[in-house]
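Following: one structure in structure tokens, then a few remarks.
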Amino acid sequence: MSLRIDDEITFRRLEVLLAFLETGNLAKTAERLETSSVSVHRALHALEAGMRCALFRHEGRNLKPTEAAQTLADVAREVLATMSEGIRATREVAGYSADRIRIGSLYSLTNRTVPALVMALKLRRPDLQTELVLGSNAGLLERLRNGTLDAALMAMPDNAADMQTQLLFEDDIFFAAPVGSPYAHLAEVDLGAMARENFVSLGEGFATYGGFIESFRVAGFTPNVVMKTDDIFSLMNLVSGGVGYTLLPGRVRGVMPQKVQLIPLQARYLMRQTIVLTFLRSRERDPNLLALLSVCRLADGQLG
């Protein structure tokens, strides 16, 4: 059976012991540790009490370490070094202050938002390696919670009190149609008049799918969805090919096929996505995430 370690023996007090043996007096130890001589004396006395043997002898007003103190110091160096390495390894496994950061993103953010943030982060932290994972809003949120992502660029999640968010930009949803469609000349689209049309959409869990469903709820009918896809670029190609109409966020303009146009919706159907940086509140002090957060704040809405 292993010996129970007394509560008076702590890592901090072992650090005080090592500093005292290296400096040789209370005042210099206090200066090194940024504390008071009284606190150093109390720490050494508590450590001695926890060891239940003499670690020091008094020579006038000075404390002199015994052979027992030297023995404890030798062990303390090994213990503190091992614990320090253990903390580093544990944090690395958890992604905290590691040399890489795993960022999740919606597919629709890879054209402008992701490259801009990654380049800005690279300037701030040149040695930090970035791993990009693409997915739906629901999938990214799940991966944040199970620890396989450090942060995600996504639509504002619902019911996520465990998450910290930072606004990136807001994006309006538009009606997407092939160039030359019967709706091409309209300044605004009345979604309520589309009950007989065919539509294509993303699958459940995608941020744009949520806006799609809500818009048609306001329009008062369930759209005839003839095909679903899990890739917004494939969705745009389906529209280009005339398979069906859909609703798309304005941020995809720069990567749309030439045969697709975005037409504003009438105000009553207008839906807006709030795009945010998201990570677990429990990791809000992670240096890598703090660097990413700073980059997002400096962008100040220029990423949409």
Side-chain angles (χ1 to χ4, degrees), residues 94-95 98-122 125 128-158 160 162-174 176 200-213 225 227-240 246-257 260 262 271-280 283 286 288-289 291-293 295-296 299 302-304:
D99 59 0
R100 69 187 177 103
I101 185 169
R102 300 161 297 181
I103 302 175
S105 173
L106 302 177
Y107 290 87
S108 57
L109 297 173
T110 56
N111 177 50
R112 178 177 177 183
T113 305
V114 171
L117 284 179
V118 169
M119 290 304 296
L121 183 60
K122 193 69 176 176
R125 299 286 298 275
L128 186 62
Q129 299 299 312
T130 304
E131 177 183 336
L132 181 64
V133 177
L134 303 178
S136 67
N137 230 55
L140 295 175
L141 192 60
E142 181 181 359
R143 295 194 67 165
L144 285 172
R145 285 175 170 150
N146 66 28
T148 56
L149 280 180
D150 301 310
L153 309 173
M154 59 193 293
M156 177 73 78
D158 296 323
D162 56 334
M163 296 291 163
Q164 178 76 33
T165 61
Q166 170 63 40
L167 175 67
L168 296 179
F169 62 92
E170 293 190 330
D171 200 5
D172 288 336
I173 302 298
F174 293 82
V200 291
S201 80
L202 291 172
E204 293 184 28
F206 284 84
T208 300
Y209 176 81
F212 181 91
I213 294 300
V225 177
M227 184 174 291
K228 289 185 177 182
T229 179
D230 288 339
D231 177 355
I232 199 166
F233 300 108
S234 297
L235 182 65
M236 290 187 285
N237 286 329
L238 292 175
V239 175
S240 175
T246 195
L247 301 182
L248 291 172
R251 60 183 176 274
V252 301
R253 277 194 180 92
V255 292
M256 282 196 315
V260 177
L262 298 183
M271 293 292 159
R272 179 168 289 171
Q273 288 183 354
T274 300
I275 305 300
V276 296
L277 168 70
T278 307
F279 54 88
L280 285 169
R283 295 189 55 194
D286 185 321
N288 291 344
L289 293 179
L292 180 58
L293 185 60
V295 166
C296 291
Q302 303 299 311
L303 298 169

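Residues take their numbers from the sequence shown, with the count starting at 1.
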Subject >> Inter-residue atom distance Gln166.CD - Thr278.OG1, 0.5 Å rounding >> reply: 10.0 Å

Subject >> Distance, nearest 0.5 Å, that separates CD of Gln164 from CG of Leu289 >> reply: 10.5 Å

Original post:
Can you find a pair of side-chain heavy atoms, one from Val276 and one from Cys296, that are under 4.5 Å apart?
Top reply: no

**OP:** Carefully, step by step, assess Asn288 and Arg125 under the rule side-chain hydrogen bond (donor to acceptor under 3.5 Å, both in side chains).
**Re:** CA-CA 8 Å; Asn288 291 344; Arg125 299 286 298 275; 2.9 Å; yes

Original post:
Below 4.5 Å, heavy atoms only, C-beta onward: do Leu280 and Asp162 meet side chain to side chain?
Top reply: yes

Subject >> For the student: nearest non-hydrogen atoms of Ser105 and Leu132, plus distance >> reply: CB-CD1, 3.9 Å

Subject >> Distance, nearest 0.5 Å, that separates CG of Leu153 from CG of Leu168 >> reply: 6.0 Å

Original post:
Within a strict 4.5 Å, meaning less than it, do heavy atoms of the Tyr107 and Leu235 side chains meet?
Top reply: no

Subject >> Thr229, Val225, Thr208 screened by side-chain contact (heavy atoms from CB on, under 4.5 Å) with Ser201, the one that passes >> reply: Val225

Subject >> Gap between atom CG of Leu202 and atom OG1 of Thr246 - 0.5 Å precision >> reply: 6.5 Å

Original post:
Any side-chain heavy atom of Ile232 within less than 4.5 Å of one from Arg251?
Top reply: no

**OP:** With sequence neighbours excluded, tell me which residues meet salt bridge (Lys or Arg N to Asp or Glu O under 4.0 Å) with Arg253.
**Re:** none

Original post:
Are Val239 and Val200 side-chain neighbours, meaning at least one heavy-atom pair lies under 4.5 Å?
Top reply: yes

Subject >> Separation between CG of Leu262 and CG of Asp172, rounded to the nearest 0.5 Å >> reply: 11.0 Å

Original post:
Has the side chain of Asp171 got a donor or acceptor atom that lies under 3.5 Å from a matching backbone atom of Gln273?
Top reply: no

**OP:** Look up atom CG in Asp150 and atom CZ in Arg143, then write down how far apart they are to the nearest 0.5 Å.
**Re:** 10.5 Å

Original post:
Closest heavy-atom contact between Ala207 and Ala155?
Top reply: CB-CB, 3.4 Å

Subject >> Whether over 12 other heavy atoms sit under 6.0 Å from Glu170 CD >> reply: yes

